[in-house]
Amino acid sequence: MSEMISFPSPESAIAFAGIGESHLKLLARHTGVNLVLRGQDLVMTGQPKAIARCAAVVRSLQPLWETGQTLGEPDILTAFHAVDTGREEDYQDLQKNILATTRRGIPIRAKTFRQRQYIQAIRSHDVVFCIGPAGTGKTFLAAVLAVQALLKDECERIILTRPAVEAGERLGFLPGDLQQKVDPFLRPLYDALYEFIDPEKIPDLMERGKIEVAPLAYMRGRTLKNAFVIVDEAQNTTPAQLKMVLTRLGQSSRMVVTGDVTQTDLPQQQDSGLVVAQRILKSVEGIAFCQLSAADVVRHPLVQRIVAAYEQHETRGK
């Protein structure tokens, strides 16, 4: 049996097929259907049920490919989840809901249902914890919402902080003064800001106190009022450090705490503040916990497979 779906333009067909037709290969692996792209026509050959499932996934992605938007592996995997659970309409709404647009005109949106839940939690709670592996957009999505809040005057400043914990290296061996030593640890936070704010404007915003990027130790003794606070790499805080920064929260402020409990760089005998906080605060009203997984990885497709391989290895080792 065969079925054909026609794309409205060559651009939409190319967007759907992916680089080297990688998306067609992914669909084939997950459905057993043979897919051939002939110009703007996608021909699917195989078992009727498999073709129906494959066609449903293709159609559920229509809001993306019909406008020539770049698709990623997470988009297709989430489409499979939506089709298999009867949530196609819900998924199409997810694709149409643009969160923001970068300086280069790239639309930013939640790519998975858990990412959407995370965004909704930030909008409705004053304190949100997001725990998940590398590449799931924990910090990036929080930074998007922080920039939006600043531009809409919903907060007076953005505070980005993370612990300066070495991953196998020593700060003392790095050249420069203290600020130069800690800058490499804060670089991922700068990178997220650069997507939405002209890098030339950031120094002025920092001088005026609109944006502050600092090590966690700089938070001690302060009250963070009218601020959107992002605490990154929280798995590398001690319980005392995370308690300290959580209790800095002042009036009209929000705080997002992100981390990956599988990548802790603390000494082996030291408890992670993020793990302890999850245990202590999970039932506290007004605090939301969001859990992302390997299925939410939105970086290079290999990152998702690397995370999954490590999870399997660690599970076997228990």
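With sequence neighbours left out, P267 forms a side chain to side chain contact (heavy atoms under 4.5 Å, CB included) with Q269, Q270. A search for salt bridge (Lys or Arg N to Asp or Glu O under 4.0 Å) contacts involving E154 returns R254, not counting sequence neighbours.
Taking the six-membered ring for Trp and the full ring otherwise, the centers of F196 and F140 sit less than 6.0 Å from each other.
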Would H125 and I287 count as a side chain to side chain contact (heavy atoms under 4.5 Å, CB included) here? Give the steps. CA-CA 6 Å; H125 292 76; I287 297 178; over 6 Å; no
Checking side chain to side chain contact (heavy atoms under 4.5 Å, CB included) for the pair L292/I131: CA distance, chi angles, key distance, verdict? CA-CA 6 Å; L292 302 181; I131 300 169; over 6 Å; no
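Here the CD1-NE2 distance, from I76 to H23, works out to 4.5 Å after rounding to the nearest 0.5 Å. Once rounded to the nearest 0.5 Å, the distance linking CZ of R248 with OG1 of T161 reads 12.5 Å.
Figure legend: cation-pi geometry between R87 and F113, with NZ or CZ positioned under 6.0 Å from the six-membered ring centre and within 45° of its axis.
Clustering ILVMFWY residues whenever any of their side-chain heavy atoms sit less than 4.5 angstrom apart, transitively, puts I14 in a cluster other than the one holding L42. A continuous path of ILVMFWY side-chain contacts below 4.5 Å connects L205 to Y194, so both sit in one hydrophobic cluster. In the hydrophobic clustering of ILVMFWY residues, with side-chain heavy atoms under 4.5 Å counting as a link, V231 and I280 come out together. Note on Y218: it clusters hydrophobically with V245, by side-chain heavy-atom contacts below 4.5 Å among ILVMFWY residues. Cluster membership check: V43 does not share its hydrophobic cluster with V57, using side-chain heavy-atom separations under 4.5 Å among Ile, Leu, Val, Met, Phe, Trp and Tyr.
Pairs of residues two or more places apart, or lying in two chains, that qualify as salt bridge (charged side-chain N to carboxylate O under 4.0 Å, His left out) and include a residue from residues 115-136 are D90-R116.
Contact check on E3 versus R59 returns a salt bridge, with a Lys/Arg side-chain nitrogen under 4.0 Å from an Asp/Glu carboxylate oxygen. Look at D84 and R53 and you find a salt bridge, because one of the NZ, NE, NH1 or NH2 atoms lies within 4.0 Å of a carboxylate O, short of that distance. Ion pair E212/R222 flagged as a salt bridge, since at least one NZ, NE, NH1 or NH2 atom sits closer than 4.0 Å to an Asp/Glu carboxylate oxygen. Salt bridge annotation for E195-R104: present, with a cationic side-chain nitrogen under 4.0 angstrom from a carboxylate oxygen.
Of all non-hydrogen atoms in V128 and C290, the two that sit nearest each other are CG1-SG, 4.3 Å.
Between the side chains of Q117 and Q115, no donor N or O sits under 3.5 Å from an acceptor N or O.
Counting heavy-atom neighbours within 6.0 Å of R208 CZ, excluding the residue itself, gives a total above 12.
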